[in-house]
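For reference, the structure discussed in these notes is given below.
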Number of protein chains: 2
Amino acid sequence: MPENAETEAKEQPRRRQARGERRIAQLLEAAATVFTTTGYTAASTNAIAREAGVSPGTLYQFFPNKEAIAIELGGRLVHEMQTAYGEALAPVDPATPLEEVVGAAVDRFMAFNCDHPVFFALMHGPDIPGRMAEDHDALHTGLVNRLETLMTSLLPEAPQADVTRTAHMVLGLYKAGLELVLAHEGAEREAYIREVKNVLVRYLDPLVGDRLGRSGSTATP
Amino acid sequence: MPENAETEAKEQPRRRQARGERRIAQLLEAAATVFTTTGYTAASTNAIAREAGVSPGTLYQFFPNKEAIAIELGGRLVHEMQTAYGEALAPVDPATPLEEVVGAAVDRFMAFNCDHPVFFALMHGPDIPGRMAEDHDALHTGLVNRLETLMTSLLPEAPQADVTRTAHMVLGLYKAGLELVLAHEGAEREAYIREVKNVLVRYLDPLVGDRLGRSGSTATP
DNA sequence: TGGAAACGCGAGCGATCTCTCGTGTTTTCC
DNA sequence: GGAAAACACGAGAGATCGCTCGCGTTTCCA
């Protein structure tokens, strides 16, 4: 390594031109479609470059390796997602009906995931790279924590282990519903979204339904 | 079927010795552990052979290619599974409480899947080979059909599309729960199994609860 | 306007994986 | 006992994929 006395920083910020930024966006978009259709491991960097209409060498001008593409793509989506669930899972007025809370949250997340199907493909595959799994875990535990605090505020007397377990269940159920939702379109997709809400409401209703002595299971019309 | 498979000329029936059958079982067991830990695509045939303590050449003495290993392994599991759910989802006395029906079915399937974790790995990965996907779809639609007939017998007046959708939901919810169950052990695993039952019972109860005027936990007009 | 740096190309290197082949060993059957 | 068939081995052929390298082109800036 006969390089200069510059501080050996891991990141040597390369000055990008507008052309480069455009190429990066192009490549990430191409990677999203290839990842969505074939999954991460099966997606070849040459295929991503071909999809973007550039040469393999050009791809490696902007990304050091295949993993970095998924990292960058996932990072941007996680950032978007966090702002989305920051609003969707914000502390809620305890008087709000459960249907409303669940319905609003599910609508938000479903809209996001339907707009960015690659997110599900990247987060769900068993073949995600190491650094990617960290991001996934971070997002996952972040969501679980939000759910936990939300539920603890509604059920202060419930054991912590039960709250955690229920939070994991809720997330797992949502993921299962998401898979079915993404597999359908139009009216059928809407119907599945309604079913996901039904599942979550009916699962959570007996837990939070009789807080404060309110025994009603479903709001009687 | 001793030796009369000659109607299909494609297969030249190779006469197996007891040693060969033992090797096949050995190889399938090794493949199960490798598939479970690394997934299908990431599992190398050399790794399977090494796990079984034989050479790569020996492996290909019994299986024409990597896919055939998964096919054979999956086929045997599907066969076992079908006898299992043939009993678990048998036509049920309409008077049986929902909790019992769901509880018994979930217990059976969970026991099977916990005994054979490779089944989940093979059926859930996005990287399954073509022929394998057919088996998966066959089992999947078989299960959905069973659920549909079971539910139609309880809800004769429900639209077919709703029944189908609910059946898919039930299967998806079970899969989501299975993933969580497999990720835990001991008492926590048992707790998750209970939660899966809770989810399914609470989801289905409003649908079948008020058949024949029997008012379940919830009574919706 | 000229030089440096960013951009772009595509053949191909090295690693890895599936599967084959030639050879030697064990089992079966007459 | 001996031939044929099944079993076993492991080096390596053939293919794929991630990634590199040398060189030509475009853009930026003094």
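These numbers were taken from a predicted model, which means no experiment stands behind them. Naming convention: chains lettered A, B, ... in sequence-line order (proteins, then strands); numbering from 1 in each chain.
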For residues 65-81 of chain B, which residue pairs pass the side-chain hydrogen bond (donor to acceptor under 3.5 Å, both in side chains) check, not counting sequence neighbours?
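Found B:Glu72-B:Arg76, B:Glu80-B:His116.
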
Only pairs at least two apart or in different chains count here, so list each side-chain hydrogen bond (donor to acceptor under 3.5 Å, both in side chains) that has a residue in residues 24-36 of chain B.
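Every pair satisfying side-chain hydrogen bond (donor to acceptor under 3.5 Å, both in side chains) with a residue in residues 24-36 of chain B: B:Arg23-B:Gln26.
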
To the nearest Å, give me how far apart [atom1] ([X]) and [atom2] ([N]) are.
X: B:Arg50; N: D:dA11; atom1: CZ; atom2: P; answer: 13 Å
X: B:Leu27; N: D:dC9; atom1: CG; atom2: P; answer: 10 Å
X: B:Ile24; N: D:dA6; atom1: CD1; atom2: P; answer: 13 Å
X: B:Phe63; N: D:dA6; atom1: CZ; atom2: P; answer: 17 Å
X: B:Leu59; N: D:dG10; atom1: CG; atom2: P; answer: 14 Å
X: A:Phe62; N: D:dT20; atom1: CZ; atom2: P; answer: 15 Å

Should the ring pair A:His168 and B:His184 be called parallel, tilted or perpendicular, given that the plane angle runs from 0 to 90° and is split at 30 and 60?
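Perpendicular.
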
Contacts of type side-chain hydrogen bond (donor to acceptor under 3.5 Å, both in side chains), residue B:Asp162, not counting sequence neighbours:
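Partners of B:Asp162 by the side-chain hydrogen bond (donor to acceptor under 3.5 Å, both in side chains) criterion, ordered by chain and then number, come out as B:Arg165.
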
Among residues two or more places apart or on two chains, list those pairs meeting salt bridge (Lys or Arg N to Asp or Glu O under 4.0 Å) that have a residue in residues 174-186 of chain B.
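Residue pairs with at least one partner in residues 174-186 of chain B: there are none.
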
Scoring nucleotides 17-30 of chain C by protein non-hydrogen atoms under 4.0 Å (B base, S sugar-phosphate only, - none) yields -BBB-----BSSS-

Would you say C:dC9 has OP1 or OP2 under 4.0 Å from some side-chain N or O of A:Thr58?
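For A:Thr58, the contact criterion (side-chain N or O under 4.0 Å from OP1 or OP2 of C:dC9) is met.
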
Hey, is the side chain of B:Arg22 poking within less than 4.0 Å of OP1 or OP2 on D:dC7, counting only N and O atoms?
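For B:Arg22, the contact criterion (side-chain N or O under 4.0 Å from OP1 or OP2 of D:dC7) is not met.
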
Just jot down the salt bridge (charged side-chain N to carboxylate O under 4.0 Å, His left out) partners of B:Arg189, sequence neighbours excluded, or say none.
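Not a single residue meets the salt bridge (charged side-chain N to carboxylate O under 4.0 Å, His left out) criterion with B:Arg189.
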
